[in-house]
Amino acid sequence: MVTMRSMVAVAALLAGTSPVLAAEAPLTALAAGVSEAELKASITALVGFGTRHSASDTTSPTRGIGAARRWTESRFQAFSAACGNCLTIEKPAQVFTGDRLPNPTEIVDVLAIQRGTTDPDRFIIISAHIDSRNSDPNDAKGDAPGANDDGSGTAAVIEAARVLSQHKFPATVVYAVLSGEEQGLNGGKVLADYARAKGWVVEADLNNDIIGNSTGIGGMKESGHVRVFSEGTKAVESAAQANRRRYNGGENDSPSRNVARFLDRLADHNIDGLDVKMIYRTDRFGRGGDQTRLLEAGYPAVRITESVEHYDRQHQNIRVENGRAYGDLIPGVDFQYLAKVTRLNVAALAALARAPMPPAVTIQRDAGSNTKVSWAPVKGAAGYKIWWRDTTAPQWQYSRTAAAAATSLVLEHVSIDDWLFGVAAVAADGSESPIAYPGDAGNFISNPPFPSPQPRP
């Protein structure tokens with residue numbers, strides 16, 4: 001039996017509305033600028049500081065987290081000099097104490113800020129933590145090379161800055177190297193607090209933590225996938241918002257989850273040999289990363305992590321026991337794989353910074369079997385794309401376009417009861433924003449947060 005619903009679906013497919021990101025060639029070209037040699041040089045330098053524990057030496061020129069942060073700053077400064085001082089270096093800091101920081105310790109982030117040309121008050125962030133640890137989380141003196149955790153993520157942030165600082169984008173891009181993750185996600189809090197104090201409109205934070213290993217315990221090899229973790233419901237939603245979301249849906253459409261979908265589509269069309277595996281969790285089971293601090297502040301954020309982890313190479317003293325090697329050393333990094341994940345980040349930052357901000361969206365029933373989708377105009381939009389999908393579908397399936405002057409569109413014979421809806425803003429060059437789900441559940445700008453306990457890293 002052919003139903004109206006199936007007819008709509010077939011018509012949409014015949015209309016060629018499957019998700020394809022615009023301007024693929026430029027994104028691919030940007031991603032191709034990522035260098036395995038540069039990534040290896042960065043990780044080699046980071047490992048050379050011996051330990052980057054958050055409470056390690058801050059005055060030595062060759063050892064400890066202070067030397068590592070100054071080296072990072074010098075890299076950003078060199079990139080800025082090459083692009084006509086296009087990067088502003090900021091070093092926000094706070095003092096923390098806790099069970100993993102028994103003495104008051106200054107946690108310092110190193111940020112390189114590339115201001116946007118036409119939409120500078122909108123911020124796209126790539127982040128990673130520079131600090132490392134060994135088996136004892138309070139050991140600030142023993143070697144903790146941290147080649148993969150998180151030298152790999154830090155190297156990706158630095159490489160993204162090297163590649164993208166040679167180009168201009170409408171929105172502002174922030175390259176964030178954080179400290180204090182291993183002691184309680186402190187660097188993420190410093191970044192979130194700094195963004196709130198500055199009034200940043202953060203569209204997305206791509207947090208890269210452990211992205212360079214492709215071999216798990218037992219020899220399992222997986223270099224074709226990268227995991228992207230995203231929260232399903234906002235950490236900051238109020239009780240009233242939660243009630244509306246529980247009744248009408250939206251538990252799978254937070255801005256962070258739609259950023260993850262954006263990354264998945266982008267990898268399919270722009271990154272050879274790498275597919276995104278969307279994980280419907282904020283982080284690994286019972287674990288945490290700096291992105292949770294951004295979520296706690298109401299900012300969309302995802303965690304990007306290698307497909308298989310090797311736990312002998314995380315949070316371990318360097319040693320050999322019964323013929324089994326432990327420690328987070330450079331031989332445990334697959335630089336070809338790391339380059340692919342870094343290319344995904346570079347392409348995503350460029351795509352997000354080129355496209356407009358996702359709009360605020362509402363929906364209502366129209367003439368019984370129709371759905372009216374409405375949105376607020378956004379800066380830089382030359383048009384809008386209205387998306388819908390089955391309530392059980394992982395990705396957006398069908399779309400219609402609307403002109404820049406439009407603020408609503410009626411989908412005939414598409415019932416509000418049977419589908420999930422969203423809207424993306426489209427730039428003049430065709431760059432498309434992430435898709436925003438209707439109402440508070442999907443709005444990329446959230447209410448002020450409420451403090452909540454966070455899991456350990």
Please check if any side-chain donor atom of [X] sits under 3.5 Å from a side-chain acceptor atom of [Y], or the reverse.
X      : Y      : answer
Ser399 : Lys385 : no
Lys221 : Ser214 : yes
Arg313 : Asn213 : yes
Ser132 : Arg52  : no
Glu306 : Tyr337 : no
Asn345 : Asn208 : yes
Ser152 : Asn148 : yes
Asp390 : Thr392 : no
Asn370 : Arg365 : no
Asp193 : Gln94  : yes
Trp396 : Asn258 : yes

Can you tell whether the side chains of [X] and [Y] come within less than 4.0 Å, N to carboxylate O?
X      : Y      : result
Arg284 : Glu309 : yes
Arg261 : Asp264 : no
Asp131 : Arg69  : no
Glu73  : Arg70  : no

Counting N and O atoms only, with roles assigned by atom type, does the side chain of [X] sit under 3.5 Å from a partner on the main chain of [Y], one being a donor and the other an acceptor?
X      : Y      : result
Asn443 : Ala360 : no
Gln241 : Ser238 : yes
Arg303 : Asp209 : yes
Ser254 : Glu231 : yes

Within-4.5 Å side-chain heavy-atom neighbours: Ser256 and Leu295: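 Yes, close enough: below the 4.5 Å cut-off.
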
Side chain proximity check, Ile113 to Arg115, heavy atoms < 4.5 angstrom: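 With C-beta onward as the side chain, the pair touches.
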
Which atom of Leu274 lies closest to which atom of Lys340, heavy atoms considered: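 Closest pair (atom of Leu274, atom of Lys340, distance): CD2-O, 3.5 Å.
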
Shortest non-hydrogen contact between Ala192 and Ala297, atoms and distance: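 The pair with the smallest heavy-atom distance is CB-CB, 3.8 Å.
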
Check: Trp387 ring centroid to Phe421 ring centroid under 6.0 Å: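 So the answer is no for these two rings.
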
Aromatic centroids of Tyr299 and Trp200 separated by under 6.0 Å: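 Between Trp200 and Tyr299, the centre distance exceeds or equals 6.0 Å.
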
Aromatic plane relationship, Tyr398 with Trp388 - under 30° parallel, 30 to 60° tilted, over 60° perpendicular: tilted

Side chain to side chain contact (heavy atoms under 4.5 Å, CB included) evaluation trace for Val177 with Phe76: CA-CA 11 Å; Val177 173; Phe76 287 152; 4.0 Å; yes

